[in-house]
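Structure record follows, encoded as structure tokens.
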Amino acid sequence: MEYSYSYRFMLVCSVLVLCLNTRGARCQLSDDFYDYICPDVYTVLQQHVYAAMRTEMRMGASLLRLHFHDCFVNGCDGSILLDGDDGEKFALPNKNSVRGFEVIDAIKEDLENICPEVVSCADIVALAAGYGVLFSGGPYYDVLLGRRDGLVANQSGADNGLPSPFEPIKSIIQKFNDVGLDTTDVVVLSGGHTIGRARCTLFSNRLSTTSSSADPTLDATMAANLQSLCAGGDGNETTVLDITSAYVFDNRYYQNLLNQKGLLSSDQGLFSSDDGIANTKELVETYSADAHKFFWDFGRSMVKMGNISPLTGDDGQIRKNCRVVN
């Protein structure tokens, strides 16, 4: 899908409103932050993300998820990248799940050679997510830049603050509200599940057991196929989140929900649960029928999410190595 100048202009202009309305945003981020101090940042990011996705197309989804999980804990400060037993990457929602760290490391190494101590790890994560979406066939959106890197990780914040696929929709909406996002953002950003994969441990609760039948909101044929995939495994087997276009960023995720083919409880719940019927079903139906609106709203929600409590000015630091503080 191509976008006109007017589309980009309208999206950039809407950033001003988003900045004013997003909790914790300091309105100091801009889309031209590195244009004069490190103009090669965009080329370096594009080359690395493109190469990583040629090796493994799934990496686009992994980089998107990395940005999401970073922003929901301590804001978009790159704290998810920090090593250490108490790091966010070892929190329950992230352990053996969040990926893409090596791609970020390689990007950072190149940028440190070109413009040392200029580009933050937090901005690398944000830009990498944007290119991951774009190279998957999704919308272009202006990634605002100028974040600085956090000094501490927050493992307990990740354990408690990240939305879980096992939670009811009402609880997920509340966690979005807690960081300044709304119900529309819940539905739009869930659409990121049009790409990527999930482990059996994240959806096996919907499958039949010796004491219960499969989730009635899960398509019977899909349930049987998932049962075969996960039976006897350790929970780490994976399958695609979108069974109709696994590696293409489009609106078929929402069409799947209409046909009871959402993989996670939190996905199908947007359309089928009581909370979903009351709060999110209408938006699911809208995006299932209008890919252009989904793309527009996705770009808007990503900009909004990227403005969650950024460190700017003299706060934080520019890490030389994304895994450790200077």
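Nothing here was measured: the structure is a model prediction, and the numbers come from that model.
A donor atom on one side chain and an acceptor atom on the other are not found under 3.5 Å apart for Gln255 and Thr244. Side-chain contact, Asp77 with Ser79: a donor N or O sits under 3.5 Å from an acceptor N or O. Under the 3.5 Å distance criterion, with hydrogens and angles disregarded, a donor-acceptor pair is assigned to the side chains of Asn205 and Ser265.
Surrounding CD of Gln174 are more than 12 heavy atoms belonging to other residues, nucleotides or ligands, all under 6.0 Å away. Open room surrounds CG on Asp314; 12 or fewer heavy atoms of other groups in view lie less than 6.0 Å from it.
Listed by chain and number, the residues in a side chain to side chain contact (heavy atoms under 4.5 Å, CB included) with Asp32 are Ser30, Asp35 (sequence neighbours excluded). Not counting sequence neighbours, the partners of Thr286 by the side chain to side chain contact (heavy atoms under 4.5 Å, CB included) test are Lys293. With sequence neighbours excluded, the residues satisfying side chain to side chain contact (heavy atoms under 4.5 Å, CB included) with Leu66 are Ile80, Leu81, Val98, Phe101, Ile104, Val125. Residues passing the ring pair (Phe, Tyr, Trp, His ring centres under 6.0 Å) test with Phe271, sequence neighbours excluded: none. Shown here are the side chain to side chain contact (heavy atoms under 4.5 Å, CB included) partners of Asp274, two or more places apart in sequence or in another chain: there are none. Annotation: ring pair (Phe, Tyr, Trp, His ring centres under 6.0 Å) contacts of Phe72 (sequence neighbours excluded): Phe68, Phe176.
In this structure, Gly146 and Leu29 approach most closely via the heavy-atom pair C-CD2, 3.6 Å. Here the closest non-hydrogen pair linking Lys261 and Gln268 is N-OE1, 3.4 Å. Across all their heavy atoms, Leu64 and Gly192 have their closest contact at CD2-CA, 4.1 Å. Contact between Arg206 and Leu264 at its shortest, heavy atoms only, is NH1-O, 3.7 Å.
Sorted by first and then second residue, the pairs that involve residues 286-326 and meet disulfide bond (SG atoms under 2.5 Å apart), not counting sequence neighbours, are Cys121-Cys322. Applying the ring pair (Phe, Tyr, Trp, His ring centres under 6.0 Å) definition to pairs two or more places apart or across chains, those involving residues 228-266 are Phe249-Phe294, Phe249-Phe295, Phe249-Phe298, Tyr254-Tyr287, Tyr254-Phe294. The stretch residues 40-61 participates, sequence neighbours left out, in these ring pair (Phe, Tyr, Trp, His ring centres under 6.0 Å) pairs: Tyr50-Phe135. Applying the salt bridge (Lys or Arg N to Asp or Glu O under 4.0 Å) test to every pair with at least one member in residues 183-198, sequence neighbours left out, gives these pairs: Asp185-Lys304. Legend: salt bridge (Lys or Arg N to Asp or Glu O under 4.0 Å) pairs involving residues 225-245, not counting sequence neighbours: none detected. Residues in residues 105-134 take part in these salt bridge (Lys or Arg N to Asp or Glu O under 4.0 Å) pairs, two or more places apart or across chains: Asp105-Arg323, Lys108-Glu112, Glu117-Lys320, Asp123-Arg147.
Looking at heavy atoms from C-beta onward, Ile107 lies out of side-chain contact with Val119 at the 4.5 angstrom threshold.
Val240 and Val248 are not part of a single hydrophobic cluster, where members link through side-chain heavy atoms under 4.5 Å apart. By the rule that hydrophobic residues join a cluster once side-chain heavy atoms approach within less than 4.5 Å of another member, Leu92 and Phe203 end up as members of separate clusters.
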> Where do Lys175 and Glu167 land on the side chain to side chain contact (heavy atoms under 4.5 Å, CB included) test, with the steps shown first?
Replying inline: CA-CA 10 Å; Lys175 287 187 174 181; Glu167 288 184 291; 3.1 Å; yes
